[in-house]
Amino acid sequence: DTGVSQNPRHKITKRGQNVTFRCDPISEHNRLYWYRQTLGQGPEFLTYFQNEAQLEKSRLLSDRFSAERPKGSFSTLEIQRTEQGDSAMYLCASSFYVNLNTGELFFGEGSRLTVL
Amino acid sequence: TQLLEQSPQFLSIQEGENLTVYCNSSSVFSSLQWYRQEPGEGPVLLVTVVTGGEVKKLKRLTFQFGDARKDSSLHITAAQPGDTGLYLCAGARGAGNNRKLIWGLGTSLAVNP
C-alpha cells in the first residue's frame with residue numbers, strides 16, 4: 001500500500017456544475033477524514049467516517065456537499081452546483097483509530113478545485 | 001475564535017539561521033502533532049508529542065510539549081532551503097467518537113539560500 005490516494009488531482013469546472021472527488025485510504029485504516037484548505041491556511045475539517053458510518057459533519061458542509069463511504073473503504077465527496085467560493089484544495093486523510101492519545105493522520109496529496 | 005494560535009504566521013530567513021515556531025492554546029490537549037506541508041501536497045506528519053514537558057528531536061528539528069499540555073514549540077537549527085514549507089500544529093481533544101483534532105492556521109516558512 002502506497003498511502004492515501006486522491007483523484008483527480010486537479011479539477012477546473014464552471015460555476016453551477018457538479019464535481020466528485022475520490023479518496024482511497026490506507027487499507028487497514030478505519031477512519032477517513034475530509035478537509036478543505038485555502039492557500040497558506042490550515043486545514044478546515046469537513047467530515048469524517050469511522051468505517052462506513054459518517055460520525056460528524058462540520059457546519060461548513062452545506063447542503064451542496066455530500067460525502068459517502070459505502071463499504072468502509074474508499075470515499076467520495078460530491079459538490080453540487082459549485083460556486084466560486086468552493087475553490088480550494090480538498091484533502092483526504094486516514095487513520096487507524098486505536099489509541100486515544102495519538103491517531104496520527106496520513107494525508108493524500110489533495111484534489112485542487114478551481115471554479116470559474 | 002481560533003483555539004490554537006500559531007506564531008509567527010510568516011517567516012522568511014536566510015540559510016543557516018535558527019528559528020522557533022510556537023503553537024499556543026488555553027485548552028489542554030491529550031497530544032499534539034506537527035505537520036509539514038509543501039505547496040500542492042498534503043501535510044506530512046513530523047512528530048506527535050504526548051507527555052507534558054516532552055522533548056523530541058528529529059535531526060535539526062526539536063519539538064517540545066508544554067508542561068501543562070497547552071502549548072508546543074518547534075525549533076529548527078541551521079535552517080536549509082529544503083525546510084521551506086507550511087508548518088502546522090494540531091492538538092487532540094476528547095476521546096472516542098468525540099475525539100477531535102484542532103488545527104492551527106500554520107506558519108509559512110521560507111528559507112532563502
Side-chain angles (χ1 to χ4, degrees), chain A residues 2-10 21 23-26 29-31 33-51 53-58 60 88-114, chain B residues 2-12 21 23 25 28-52 54 56 65 69 84-110:
Chain A
T2 56
V4 179
S5 175
Q6 290 187 247
N7 66 82
R9 291 292 310 279
H10 305 277
F21 300 115
C23 173
D24 288 89
I26 294 173
H29 284 183
N30 53 2
R31 284 196 170 177
Y33 300 78
W34 285 101
Y35 286 87
R36 180 171 65 188
Q37 186 179 32
T38 52
L39 193 63
Q41 301 294 313
E44 293 177 297
F45 171 78
L46 294 178
T47 188
Y48 90 96
F49 295 83
Q50 178 152 315
N51 300 312
Q54 188 173 20
L55 296 187
E56 185 176 352
K57 291 173 61 174
S58 164
L60 293 173
M89 176 78 90
Y90 290 85
L91 293 166
C92 175
S94 68
S95 71
F96 185 47
Y97 177 71
V98 285
N99 187 314
L100 291 176
N101 284 333
T102 55
E104 293 91 338
L105 299 184
F106 294 81
F107 283 86
E109 294 177 319
S111 293
R112 178 164 295 283
L113 173 65
T114 301
Chain B
Q2 184 61 30
L3 297 180
L4 200 52
E5 300 281 349
Q6 270 192 253
S7 61
Q9 188 175 358
F10 300 98
L11 192 54
S12 180
V21 176
C23 184
S25 176
V28 175
F29 296 109
S30 55
S31 65
L32 192 138
Q33 302 166 8
W34 284 93
Y35 293 80
R36 177 170 166 270
Q37 185 178 21
E38 296 190 19
E41 305 292 330
V44 175
L45 180 70
L46 296 174
V47 78
T48 300
V49 285
V50 178
T51 306
E54 181 177 5
K56 282 191 175 179
F65 202 13
R69 290 185 288 128
T84 294
L86 182 68
Y87 289 82
L88 296 157
C89 63
R93 295 173 61 191
N97 290 342
N98 293 320
R99 184 181 178 281
K100 291 185 179 183
L101 272 183
I102 310 299
W103 290 85
L105 295 180
T107 294
S108 183
L109 171 65

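In the text below, chain A, chain B and the rest are named by the order of the sequence lines, each starting its count at 1.
Heavy-atom pairs under 4.5 Å with chain B were tallied for R9(A), R112(A), H10(A); the largest tally goes to R9(A). Comparing G108(A), C92(A), P43(A), G110(A) by how many heavy-atom pairs each has under 4.5 Å with chain B, the most go to P43(A).
Under the ring-ring contact (aromatic ring centres under 6.0 Å, His included) criterion, F107(A) pairs with Y35(A), Y35(B), W103(B), not counting sequence neighbours.
For Q37(B), the part lying near chain A is the side chain, with the backbone staying farther off; criterion is any non-hydrogen pair under 4.5 Å. The part of Q37(A) that comes within reach of chain B is its side chain, from C-beta onward, which places non-hydrogen atoms under 4.5 angstrom from that chain.
A distance of 8.0 Å separates CE in M89(A) from OG in S111(A), rounded to the nearest 0.5 Å. Residue Q33(B) holds its CD atom at 4.0 Å from OG1 of T48(B), rounded to the nearest 0.5 Å.
Pairs of residues two or more places apart, or lying in two chains, that qualify as salt bridge (Lys or Arg N to Asp or Glu O under 4.0 Å) and include a residue from residues 34-47 of chain A are R36(A)-E44(A).
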